[in-house]
Amino acid sequence: MTRPRHPGTLNRRHFLAAASAALLPAPALAQTGASDVEVVIIGGGAAGIAAARRIAEAKRSYVLLEASPRLGGRARTEDAFGLRVDLGAGGFARSEGTLAASAQGAGQTLIALPSGRRLFAHGREVRESAYDAFASALGTARRDMLTSVDGGKDIAAAQALANAPPPAKGTPGANGPWAATVAQFLGPLGCGRSLATLSALDLARRDAPPDDTTSPAGIGTLMEGLGAWLNVQKDAPVTLVTHGGRFHSVSVRGQRTPIRARAIVLAVPAPVLAAGAIRFNPGLPARLVTALRAIPAGHLEQVAFLLPGNPLALQPNEAVLTAAGTAPPALLRGRINGSDLHVLTFGDAPARTIAEKGAAAALPLARDWLRANFPTAEAVVSEVVASNWGQDPLVRGALSAALPGQGAQRRVFADTVQNRIFLAGEYVPVSGWGTLGGAWASGEAAATRALRLFGDGPA
Ligand SMILES: Cc1cc2nc3c(=O)[nH]c(=O)nc-3n(C[C@H](O)[C@H](O)[C@H](O)COP(=O)(O)OP(=O)(O)OC[C@H]3O[C@@H](n4cnc5c(N)ncnc54)[C@H](O)[C@@H]3O)c2cc1C
């Protein structure tokens, strides 16, 4: 973990210069309402938008079908207390894939997030040496997980850490003073599940660089902007995909005529597929169904509230992690874009409670966390706005992580299904899973593979 520095503006000059030069092409055909297209993209989150953009750029006919009234999926900018706030992805890593370049090409403004997180224990910021100890404990945990799966056997991440050999003298090992905080950071706060339920292999392979970039308009708004010119049908839930000869037929609830396509990019969340919310005829291969069941959803929910006057003395968009203690674990994003708005992310059991009970459960959780960590701020919070990803039937959780013993299953998602269906989404990348940038990259990759069916791009 590095010490924070102040946020700055990322290449605004370049964004402006690029904006006019990089106007993207209009869709090749006016396809809305057409019943035959070359590619149907199902799901309008980051992965689906990225795929549709690539297909459109290749001047192939397509339609992007999104079940809800808006694009963005788990990137959603909401109104809270008269301000705009992301209650899903709140940033992304610039180095992960081409999302930043696509945003830049579309003339969207991005700003840097403060690097690293601030670490607090018992109501005050820890000393420099504790930052080092935490960073070292985090590195040791990752190494211990990698070592545990070296022989090819995948076990629970918690077991991998418990089995780790004692640390060298003077170094904080897996069982040192930061062990519980590291476990919370990697498990409930990182994947929405405890380390006991997570595959050591899947977690050790995860290579999610820290978020260093956001959009001042909100990541959800950014996504909607990136999809604004696409050929999209919203409120178009796909219910059935039928494979017949050279075409797939895609049925949308409420539409009489199915859409026929030569290729499909399937960009809906893994739990939606695992739940059978879209029917396939013939059914999805058993190997794929098994793999989808092996990566159940983790749960993250976010709770936004106002803290006027900056009582926590934070820079805009600063992230705070607190040492494991009595309060439910949470990550704080403070002073969203310099405002009084703060957002807590809860994972695992508290997140499931928030999804089930809404703001009535989110308010006491937020106040508990504040009481334990910043007692003077607790009384100020009397109202919250909370997300509900866990109960949203179109999403069903925050991100998908493998069960112990099932870490190798993620490779299955690279397979082409029934010769013409290409999977895309946060759950698809073997290392960049669970992130916005990873979802975006997977959408582009799926579209590139679909385009090869038409002889476009390298074989
Ligand atoms: C609380 C929270 C915080 C997060 N924070 C970060 C972060 O800070 N940084 C980061 O990198 N990542 C973060 N993530 C993860 C990131 O949001 C996701 O990885 C990414 O948005 C997933 O994109 P996707 O396209 O794979 O899926 P989604 O965004 O879920 O898109 C799938 C789309 O499919 C649609 N759909 C579902 N069923 C159908 C159907 N039958 N027919 C048509 N459409 C359908 C859905 O409505 C949805 O729009 C966070 C996630 C959550 C929940």
Side-chain angles (χ1 to χ4, degrees), residues 15 18-19 22-34 37-78 84 86-92 97-110 213-238 250 252 259 261 264-269 272 392 394-395 422 424-426 435-448 450-451:
F15 294 166
L23 283 175
L24 288 159
L29 304 170
Q31 302 111 332
T32 307
V37 289
E38 284 163 311
V39 188
V40 167
I41 301 109
I42 306 175
I49 295 169
R53 286 170 60 99
R54 183 148 286 186
I55 304 286
E57 283 160 1
K59 302 211 179 332
R60 293 290 174 181
S61 60
Y62 71 95
V63 63
L64 170 57
L65 301 174
E66 166 54 43
S68 77
R70 45 168 288 284
L71 290 179
R74 279 167 274 180
R76 185 181 300 171
T77 309
E78 304 263 18
R84 300 287 284 161
D86 284 312
L87 291 182
F92 63 94
T98 63
L99 175 53
S102 301
Q104 187 173 340
Q108 303 268 355
T109 304
L110 299 179
T213 307
T214 193
S215 158
I219 294 287
T221 304
L222 170 72
M223 283 296 139
E224 290 189 276
L226 289 172
W229 58 273
L230 295 170
N231 185 44
V232 182
Q233 286 185 23
K234 296 177 187 166
D235 293 310
V238 170
V250 177
V252 175
I259 302 169
I264 291 177
V265 174
L266 188 54
V268 302
V272 169
D392 181 340
L394 300 176
V395 177
F422 303 89
E426 60 80 15
T435 69
L436 192 74
W440 185 266
S442 83
E444 290 186 332
T448 300
L451 287 169

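Treat the numbers as computed from the prediction; the structure is a model and nothing was measured.
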Which pair of heavy atoms, one from [X] and one from [Y], lies closest together, and at what distance?
X: A450; Y: V265; result: CB-CG2, 4.4 Å
X: G227; Y: V232; result: O-CG2, 4.1 Å
X: A424; Y: G443; result: CB-CA, 3.8 Å
X: S442; Y: G425; result: OG-N, 2.7 Å
X: A75; Y: L436; result: CB-CD1, 4.1 Å
X: I49; Y: G72; result: CD1-N, 4.1 Å

Throw together a table of side-chain donor-acceptor distances under 3.5 angstrom for residues 218-226, partners on residues two or more places apart or in other chains.
{"from": "T221", "atom 1": "OG1", "to": "T77", "atom 2": "OG1", "distance (Å)": "3.4"}
{"from": "T221", "atom 1": "OG1", "to": "A217", "atom 2": "O", "distance (Å)": "3.1"}

Could you grab the distance from atom [atom1] of [X] to atom [atom2] of [Y], nearest 0.5 Å is fine?
X: T213; Y: L99; atom1: OG1; atom2: CG; result: 8.5 Å
X: I264; Y: I42; atom1: CD1; atom2: CD1; result: 5.0 Å
X: F92; Y: S215; atom1: CZ; atom2: OG; result: 8.5 Å

So, using side chain to side chain contact (heavy atoms under 4.5 Å, CB included) as the criterion, who are the partners of [X] when residues are at least two apart?
X: A447; result: A51, R54, I55
X: A441; result: none
X: A445; result: none

Salt bridge (Lys or Arg N to Asp or Glu O under 4.0 Å) pairs, two or more places apart, involving residues 64-77:
R74-E426, R76-E78, R76-D392
Under the criterion side-chain contact (heavy atoms from CB on, under 4.5 Å), I'd like the reasoning laid out for R53 against L230: C-alpha separation, chi angles, the key distance, then a yes or no.
CA-CA 7 Å; R53 286 170 60 99; L230 295 170; 3.9 Å; yes
Could you tell me whether the side chain of Q233 and the main chain of L65 form a donor-acceptor pair under 3.5 Å?
no
Checking the side chain of Y62 only, and the main-chain atoms of A56 only, is there a donor and an acceptor separated by less than 3.5 Å?
no
Check whether any side-chain heavy atom of L64 sits under 4.5 Å from a side-chain heavy atom of L71, and report yes or no.
yes
Any heavy-atom pair between the side chains of E38 and S61 that's under 4.5 Å?
yes
The side chain to side chain donor-acceptor pair (under 3.5 Å) partners of E444 (sequence neighbours excluded) come to T98, W440
